A.B. asks: 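Submitted below is the structure of interest, expressed as structure tokens.
When reading the values below, keep in mind they use all heavy atoms of this one structure, side chains included, and skip hydrogens, waters and symmetry mates. Here is how names work: the chains are called A, B, and so on, in the same order as the sequence lines, proteins then strands, and each is numbered from 1. Quick caveat, the model's predicted, so the values are computed rather than measured.
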Amino acid sequence: MDVVTVGGRGAPARASRFFRRHRGASLFATLGGPVAWMLLVYIGSLVVLVAAAFFKIDSNSKVTTSLTTANVRAAFTTGSFVDAVVRSVLIALAVTALCFAIALPMAFYIAKVAKPRWRRSLIVAVLLPLWAGYLVKGYAWKSIFTPDAGKFAAHKGGGFLEATLGWTPGFGTLAIVITLAYLWLPYMVLPIYAGLERLPPSYLDAAGDLGARPFRTFRSVIMPILVPSIAAGSIFTFSLSLGDYITPRIISGGKEQMIGNLIDQLQQQNQALSAALTLWPIAIIVVYLLGMSRLHAFESV
Amino acid sequence: MRLSLLSRLGLRGVTIIGLVFLYVPLIVVVILAFNRADSTLWPPTGWTLDWWRQAWHTSAPKNAFVQSVQIASAATAIALLLGTLAAFAMSRFSFFGKSAISYLLVLPIALPGIVTAVALKNTFLRRIDLGFVSFKVGFGVHSIIIAHSTFCIVVTYNNVVARLRRSSPNLLEASADLGAHGLRTFWSVTFPLVRSALVAGGILAFALSFDEIVVTSFTAGPGDQTLPQWILNSFGRSKGVPVTNVMATVVMALSIPLAWLAQRLSDSTESIAGRR
């Protein structure tokens, strides 16, 4: 390949010869910008965030040079903070489980049962709601959940659920779980669908030929192959739910507090403590990502 | 796999329920945009176009819409440039620390938005002293654009890198063998190859920025208002709900053709990898 020196004498040709000979230079020219941006803006900011959690902050909210562990200790031991963290993790797990329960049969139907010419339209139909706007969907659910205000209220009747099914979860934890599951469901359907699409039909035929009933095939052939896809989908549903604070605020009007709500509110009053609280989601997500990478989640997305 | 009729019907039933679950809230919003009553109670009491007239004559939602378009365009441009460069580097070269860089690029969407938001806010409000240069980013349209670009890079990167991975390196060798220099190869071979991935990645990055609220509310200046910020504020007001439904309907009507285009131009799997 090195003998290629044709291509004229102009500046572009000279530049292209230069970059072909100097791998380091072309690597720097392409990767230098993006990596510098990410390190400077993102990693730099994360470092500042962690620093802000450990350094004392004076009354002008400037970082002083004296170290303190008071904020971090408060963030990790105060009962109400730990409660909010536990609640957030449980909500994120419930959302992930609910998304999985709906996404698995949907993805299976679209990938393996529906007629091939319907597949593309069906998967686009699952993805389209992602484009409708996060806040709009949150408020749509709030209006859908509106309970009947009772006989003496100015407005009679309730929202869509109350009017059509005669039941509503109200504005509590269950309503938050349903809304979050709604928001992130497509992120679970898509990787499972992609995983099923890659599964060769011959595997299923082989299992059938060996006498396995559908349930046995599902348990022994399909599920083990799907584990990385499910893990990949769960990263989205878990991570996006864990840090969410807008949905609980919209749905419960601030009554239900997740960890994100505390971080948001403390931004005004105590920035150092707020920064210390962000160590919770960072730690939980890092542990979660490590666990999921053991299940090969990153090779499937 | 031979499934019984019952399990086929069961699976189809769950899929239909899932799709109903996905679309009912959107349909409810569209219907409420034409509801005569200023409330979210069901069923609507009658029909009116008043809210549409009101939305048309109010300047705040229109201004917010324009500001969102400007910010999303700038963030998309930066993300396209940096994401594409990174995609070329990562698919062409192997080097020490490559996997660390691929983690670095996806980190802003793996960590919860609130963490990114608080981290960027903490940095932008301080005077940063790097020794040779000292600066303060501050808050305004520019800080929103910087913040949005950071998490949009992964979307454009994912789309382009997936395309490059699938395309054969033989094409580039063939081009060089035929005497084309690097720039000529880029314009005649590489660029046409990744063009649709660039458009799809650009649309997704635009949509991601256009819809973003968490990082936006932490990095916006006091005078800035994007459309999601306007929506968040107007739902808090008692009289703002129907006009917000109108704006929501408008955004949905505009974004569906874009979504369809992005889907057509990219693999369904690569398009999602960076969406939030």
A.B. asks: Run the ring-centre check on A:Trp141 versus B:Phe21 and record whether the distance is less than 6.0 Å.
C.D. replies: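 For A:Trp141 and B:Phe21, the ring centres are under 6.0 Å apart.
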A.B. asks: Side-chain contact, heavy-atom cut-off 4.5 Å: A:Val136 with B:Leu26?
C.D. replies: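 A side-chain contact under 4.5 Å is absent here.
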A.B. asks: So which of A:Gly208, A:Ala275, A:Gly159 has the biggest tally of heavy-atom pairs under 4.5 Å with chain B?
C.D. replies: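 Result: the option with the highest number of such pairs is A:Gly159.
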A.B. asks: Side chain from CB out, backbone as N, CA, C, O: work out which of these in B:Ile203 comes under 4.5 Å of a heavy atom of chain A, or both, or neither.
C.D. replies: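 Both backbone and side chain of B:Ile203 come within 4.5 Å of chain A.
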A.B. asks: Tell me whether the count of non-hydrogen atoms from other residues, nucleotides or ligands lying under 6.0 Å of CZ in B:Phe93 goes above 12.
C.D. replies: yes
A.B. asks: Tell me, out of A:Val286, A:Leu128, A:Ile259, who's got the most heavy-atom pairs with chain B below 4.5 Å.
C.D. replies: A:Leu128
A.B. asks: Is the shortest heavy-atom distance from the side chain of B:Arg12 to the side chain of A:Val113 under 4.5 Å?
C.D. replies: no
A.B. asks: Identify which part of B:Ile17 has an atom lying under 4.5 Å from any heavy atom of chain A, answering side chain, backbone, both or neither.
C.D. replies: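 Answer is neither: B:Ile17 stays 4.5 Å or more from chain A.
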A.B. asks: Contact part of B:Phe218 toward chain A, heavy-atom cut-off under 4.5 Å: side chain, backbone, both or neither?
C.D. replies: side chain
A.B. asks: I want to check something: taking the side chain as every heavy atom from C-beta on, are A:Tyr139 and B:Leu232 in contact at a cut-off of under 4.5 Å?
C.D. replies: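 A:Tyr139 vs B:Leu232: side chains touch.
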A.B. asks: Quick check against the 3.5 Å criterion: does A:Tyr182 have a side-chain atom that pairs as donor or acceptor with the backbone of B:Leu22?
C.D. replies: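 Between the backbone of B:Leu22 and the side chain of A:Tyr182 there is a qualifying donor-acceptor contact (under 3.5 Å).
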A.B. asks: Measure B:Phe210 against the heavy atoms of chain A and call it side chain, backbone, both or neither at under 4.5 Å.
C.D. replies: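 For B:Phe210, there is no contact with chain A at all, as no heavy atom is under 4.5 Å.
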A.B. asks: What part of B:Val29 gets closer than 4.5 Å to chain A, counting heavy atoms only: side chain, backbone, both or neither?
C.D. replies: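 Side chain of B:Val29 only, per the 4.5 Å heavy-atom cut-off to chain A.
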A.B. asks: Can you tell me which portion of B:Ile153 sits under 4.5 Å from chain A's heavy atoms? Options are side chain, backbone, both or neither.
C.D. replies: side chain
A.B. asks: Between B:Pro112 and A:Leu240, is there a side-chain heavy-atom distance shorter than 4.5 Å?
C.D. replies: no
A.B. asks: May I ask you to name which of A:Ser239, A:Gly32, A:Pro281 has the most heavy-atom pairs under 4.5 Å with chain B?
C.D. replies: A:Ser239
A.B. asks: Decide yes or no for A:Val41 and B:Leu120: does some side-chain heavy atom of the first lie under 4.5 Å from some side-chain heavy atom of the second?
C.D. replies: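 Contact flag for A:Val41/B:Leu120 side chains = yes.
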A.B. asks: Measure A:Leu31 against the heavy atoms of chain B and call it side chain, backbone, both or neither at under 4.5 Å.
C.D. replies: both
A.B. asks: Using modelled atom types and a 3.5 Å cut-off, is there a donor and acceptor pairing between side-chain atoms of A:Ser45 and backbone atoms of B:Thr123?
C.D. replies: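 Side chain of A:Ser45 to backbone of B:Thr123, a donor-acceptor pair under 3.5 Å: no, none is there.
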A.B. asks: Under 3.5 Å, is there a donor-acceptor pair between the side chain of B:Asn122 and the main chain of A:Leu49?
C.D. replies: no
A.B. asks: In terms of heavy-atom proximity below 4.5 Å to chain A, should B:Ile146 be classed as side chain, backbone, both, or neither?
C.D. replies: both
A.B. asks: Under 3.5 Å, is there a donor-acceptor pair between the side chain of B:Tyr23 and the main chain of A:Ala125?
C.D. replies: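 Flag set: sc B:Tyr23 to bb A:Ala125 pair under 3.5 Å.
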A.B. asks: Please state whether the side chain, the backbone, both or neither of A:Leu46 comes within less than 4.5 Å of a heavy atom of chain B.
C.D. replies: both
A.B. asks: So which part of B:Ile78 gets closer than 4.5 Å to some heavy atom of chain A, the side chain, the backbone, both or neither?
C.D. replies: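 Side chain of B:Ile78 only, per the 4.5 Å heavy-atom cut-off to chain A.
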A.B. asks: Is B:Arg184 atom CZ crowded by more than 12 heavy atoms from other residues, nucleotides or ligands, each under 6.0 Å away?
C.D. replies: no
A.B. asks: Could you look at B:Val28 and say if it's the side chain, the backbone, both or neither that has a heavy atom under 4.5 Å from chain A?
C.D. replies: side chain
A.B. asks: Less than 4.5 Å to any heavy atom of chain A: does that hold for the side chain of B:Ser217, its backbone, both, or neither?
C.D. replies: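 The side chain, not the backbone.
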A.B. asks: Any side-chain heavy atom of A:Leu122 within less than 4.5 Å of one from B:Leu19?
C.D. replies: yes
A.B. asks: Between B:Ser255 (side chain only) and A:Trp131 (backbone N and O only), is there a donor and an acceptor less than 3.5 Å apart?
C.D. replies: yes
